[in-house]
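Quick caveat, the model's predicted, so the values are computed rather than measured. In what follows, chains are A, B, ... by sequence order, proteins preceding strands, each numbered from 1.
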Amino acid sequence: MATTQAIGAIPAPTKPWVKRPLQRVPSLALGVTALLLAGLIVEVTPLKGKLGYFIVFVPLVTTLQYLLARMRASRKVAEDVLVSSLMWTAAFFVFLPTASILATTVTKGLQGLRFSIFTDTMVSASFTDPIEMGGLLHALLGTAYLILLSVIISVPLGILTALYLTEIKGPGSGFIQFIVQAMSGVPSVIAGLFVFSAVILTTPIKASSLTGSFALAILMVPTVTRTSQEVLVLIPNDLREAGLALGATQWKTVALVVVPAARSGLITAVILGVARIAGETAPLLFVLGGTDALNQNPFNGFNSGLPLYIWKGFLIGLPESVQRAWTGILVLLILVLVLFTIARIFGPKKG
Amino acid sequence: MSNTLPVQRKISTKPRPSDVAFRGIVTSFGFINLAILTLIGAFLLFRGFEVFRVEGFSFLTDQRWELTEESGVSSGNIGIGAMLVGTLLAALVALIVALPVSVLTALMLNFYAPIWIRNFFVTVIDLMAAFPSILFGLWGFFVLMPSAEYWAMLLNRYLGWFPVFQVDQPFFTRSPFIAGLVLAIMIIPIITSVSREVFSQAPLDRIQAAYSLGANKWSMIKAVVLPFGANGVVGGAMLGLGRAFGETVAVYTVLNLVYSINLQVLFGAGGNVASHIVTRWGEAGEYEVKALLAAGFVLFLLTLLVNFMADWVVKRTVRKGR
């Protein structure tokens, strides 16, 4: 009989770690108790509203969970429960602002989103006019110029620096790594001040999209370098050695083997760099000039950009101009999110 | 029957000309970064030098920003003392709020969360890092500030006996506290990702040893992960601090610039070097522009110092881990 059982029935796998409904009762009871208690405390004390409720509820749940675990198990287990409860609270506080920022931008921005804002400029309208008048075409074109020129300047510099750090590994590479790290910490306002003092004060070049992109390129280079570097490091050494063993020079190996192998990652690096600078505001205040009219020449004359348009709308501070700012932010956010999504799809998959 | 061997090819380890050129070009591009960083410091110092010479050391300590203009030559009692202290104060508030939240989140993501929650939160954190700072500024002004003012009032009313939460007058709008909260949200992504990075490098054998000795997750973290990652967390915190020092537009919207040192975090008066530069820029005369560039130089040195220290601390951890 024992033999037939051994052949016939496969015992259902037991999962001792899965909680049975009965075991969930104390946790549920705890949650309900905390809810009721929090309600009571909010009623009695002068704390008001959803926020007051929240302020009472979170520490209450944490404390009750700790006490429950303390009653049922050892101090170590209770500590673990306490800390994990704190961790979930912390994670909630990371999630909350992000959700709030996204929700605010979408709800406020959508109210001013019209097709006409993409075809008109502010040259014949004032920021305080109703949203139907004028648009942000000039700012969009300005941002497009800024992105294009910054990419042209910073991508060769960033990728070649990454190649220096991963392929040449010269005696100075540790130092350059250090410098790139330091450059990524340069505040954006400093980049603007630098271009102002080094280009606009020193040379006859006046503020234009070009000077704006100088400042943005300084901010973009470290992002491009570090992301490219991460990708290039992942390229297996076998590929480089195979190239060299076939008699290729290092130059040919890098150009025909390493870089093509890392192509999608390098594109991601560029996209992340663009996402980093697309919304930079502070440097543009010094080196872009700012205008309400369409300027199709990126090398001559003041130009605009989405961040400047938003900034101006915010500073004026009247309902119509603030509405323009939110709509501008929504357009900027959509641009950044699209770039972000593309970078995620094509980016290197991290373990 | 010829007895001659084929002539041996000359073997040389000398790099080909194309490689020499390649190495030269790539190396010089690598060093352009150094040139840029040096030039930033050099130009700001060069333009602001006159101010440093005229004002002397009091440029760093003087709280006033008063310019007088007489016969085309302007000079004044100007200094960024209040602005520097305000920058440090807001960044400190940001760090105190952001550090525990970031470290706890990093621990949760690495050791407690199921995979789907981890993936979700990694996206959330990356997204936060990608938001433009002007978005934080507008959100901080229109959404966070009204409620943060109320929190500040509550803190002052119930915890006012605690010196940090005291104010002389009940004016809570645009305080260093609110600026610090906005900055905290902005530096959470960087501290969290650096912390996750170092925590994930904690040696697996030690983690498993802790578990096999009967440790639960928190005991294991206390015994293995935190001692291992402490330096990295400090480094991440300093990177965040550097970011908080240099942030401009997001602070500008939620901070009331006042030219005297205020150490009451809840009181609506503060200072910030970067916002100060932006505020004064529009109407600045020649001498004041130089003074603002000098202030920029000080800010540049400050962030550079913090970043160097952060880099050093993080590197030390990574080396220890190998």
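A:Val254 touches chain B through its side chain: at least one heavy atom from C-beta onward sits under 4.5 Å away, while N, CA, C and O do not. Heavy atoms closer than 4.5 Å to chain B are found in both the backbone and the side chain of A:Thr249. For B:Thr27, the parts sitting under 4.5 Å from any heavy atom of chain A are the backbone and the side chain alike. Proximity to chain B is limited to the side chain of A:Leu333, based on heavy atoms less than 4.5 angstrom apart. With a 4.5 Å cut-off on non-hydrogen atoms, B:Arg23 touches chain A through its backbone and its side chain both. The parts of B:Thr123 that come within reach of chain A are both its backbone and its side chain, each placing non-hydrogen atoms under 4.5 angstrom from that chain. Residue A:Ile101 touches chain B through both its backbone and its side chain, counting heavy-atom pairs closer than 4.5 Å. Residue contact with chain A, scored on non-hydrogen atoms closer than 4.5 Å, involves the side chain of B:Lys222 exclusively. Residue B:Thr303 touches chain A through its side chain alone, counting heavy-atom pairs closer than 4.5 Å. Of the two parts of B:Leu109, neither the backbone nor the side chain holds a non-hydrogen atom closer than 4.5 Å to a non-hydrogen atom of chain A. Proximity to chain A is limited to the side chain of B:Ile117, based on heavy atoms less than 4.5 angstrom apart. If you measure heavy-atom distances from A:Leu315 to chain B, the contacts under 4.5 Å come from the side chain alone.
Counting only N and O atoms by type, the side chains of A:Ser100 and B:Trp139 include a donor and acceptor under 3.5 Å apart.
Annotation for A:Trp311 and B:Ile134: closest pair N-CD1, 3.9 Å, computed over non-hydrogen atoms. Looking at every heavy atom in both residues, A:Ser184 comes nearest to B:Arg243 through O-NH2, 4.1 Å. The two residues B:Tyr112 and A:Ser84 come nearest to each other via the heavy atoms CE2-CB, 3.4 Å. Residue B:Arg16 comes nearest to A:Gly247 through the heavy atom pair NH2-O, 4.4 Å, listed as atom of the first residue, atom of the second, then distance. Heavy atoms only, all atoms of each residue included: A:Leu193 and B:Gly296 are closest at CD1-CA, 3.8 Å. When all heavy atoms of B:Phe308 and A:Ala182 are compared, the pair lying nearest together is CE2-CB, 3.6 Å.
Comparing A:Ala198, A:Gly192, A:Gly185 by how many heavy-atom pairs each has under 4.5 Å with chain B, the most go to A:Ala198. Put simply, of A:Val195, A:Leu332, A:Val221, A:Val94, the one with the most heavy-atom pairs under 4.5 Å next to chain B is A:Val94. Ranked by heavy-atom pairs shorter than 4.5 Å toward chain A, the options B:Ile188, B:Val124, B:Leu135 are led by B:Leu135. In terms of non-hydrogen atom pairs under 4.5 Å with chain A, the most contact-rich of B:Leu304, B:Asn216, B:Leu44, B:Val289 is B:Asn216. In terms of heavy-atom pairs under 4.5 Å with chain A, the best-connected choice from B:Phe120, B:Phe300, B:Phe136, B:Phe131 is B:Phe131. Counting heavy-atom pairs closer than 4.5 Å to chain B, the top-ranked of the candidates A:Pro156, A:Ala282, A:Ser197, A:Gly172 is A:Ser197. Contacts with chain A were tallied for B:Ala130, B:Ala106, B:Gly140; B:Ala130 has the most, counting heavy-atom pairs under 4.5 Å. For the set B:Gly30, B:Gly48, B:Pro15, B:Gly246, the entry with the most heavy-atom pairs within less than 4.5 Å of chain A is B:Gly30. Across A:Ala275, A:Ser173, A:Gly279, A:Pro187, the residue that shares the most heavy-atom pairs under 4.5 angstrom with chain B is A:Pro187. Ranked by non-hydrogen atom pairs under 4.5 Å with chain A, the options B:Phe297, B:Phe111, B:Tyr252, B:Phe46 are led by B:Tyr252.
Atom OH of B:Tyr211 is surrounded by more than 12 heavy atoms from other residues, nucleotides or ligands within 6.0 Å. Residue-environment remark: CD (A:Gln323) exceeds the threshold of 12 foreign heavy atoms within 6.0 Å.
Side-chain atoms of B:Phe29 and A:Leu163, non-hydrogen and from C-beta on, never get closer than 4.5 Å to each other. Looking at B:Leu127 and A:Leu337, their side chains come closer than 4.5 Å, going by heavy atoms from C-beta outward. Contact annotation: the side chain of B:Phe142 never approaches that of A:Thr104 to less than 4.5 Å [non-hydrogen atoms, C-beta and beyond]. Between A:Phe93 and B:Thr105, the closest side-chain pair of non-hydrogen atoms is not below 4.5 Å. Side chains of A:Leu157 and B:Ile36 form a contact here, defined as non-hydrogen atoms less than 4.5 Å apart. A 4.5 Å side-chain heavy-atom check between B:Leu104 and A:Thr89 finds every atom pair outside the cut-off.
Taken from CZ in A:Phe194 to CG in B:Leu37, the straight-line distance is 9.5 Å, to the nearest 0.5 Å. For the atom pair CD1 of B:Ile185 and OG1 of A:Thr98, the computed distance is 8.0 Å after rounding to the nearest 0.5 Å. Taking CD1 from B:Ile32 and CG from A:Leu160, the interatomic distance works out to 8.5 Å, rounded to the nearest 0.5 Å. Residue B:Leu34 holds its CG atom at 11.5 Å from CZ of A:Phe178, rounded to the nearest 0.5 Å.
A salt bridge does not link B:Asp19 with A:Lys252: none of the charged nitrogens is closer than 4.0 Å to a carboxylate oxygen.
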Next item on the list: Quick one: do B:Phe22 and A:Ile168 satisfy side-chain contact (heavy atoms from CB on, under 4.5 Å)? Show the steps, please.
Entry: CA-CA 10 Å; B:Phe22 169 68; A:Ile168 306 260; 4.2 Å; yes
Margin query: Show, in sequence, the C-alpha distance, side-chain angles and deciding distance for A:Val189 and B:Val249, and conclude whether the side-chain contact (heavy atoms from CB on, under 4.5 Å) test is met.
Written below: CA-CA 9 Å; A:Val189 65; B:Val249 287; over 6 Å; no
Notebook entry, point to check: Can you list the steps and then say if B:Ile40 with A:Met183 is a side-chain contact (heavy atoms from CB on, under 4.5 Å)?
Noted result: CA-CA 10 Å; B:Ile40 292 177; A:Met183 261 179 90; 5.8 Å; no
Check: When you look at A:Ile179 and B:Phe31, which way does the side-chain contact (heavy atoms from CB on, under 4.5 Å) test go after all the steps?
Finding: CA-CA 9 Å; A:Ile179 294 295; B:Phe31 277 88; over 6 Å; no
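Between B:Trp281 and A:Phe196, the distance separating the two ring centers is shorter than 6.0 angstrom. A centroid separation of less than 6.0 Å is found between the aromatic rings of B:Phe141 and A:Phe314.
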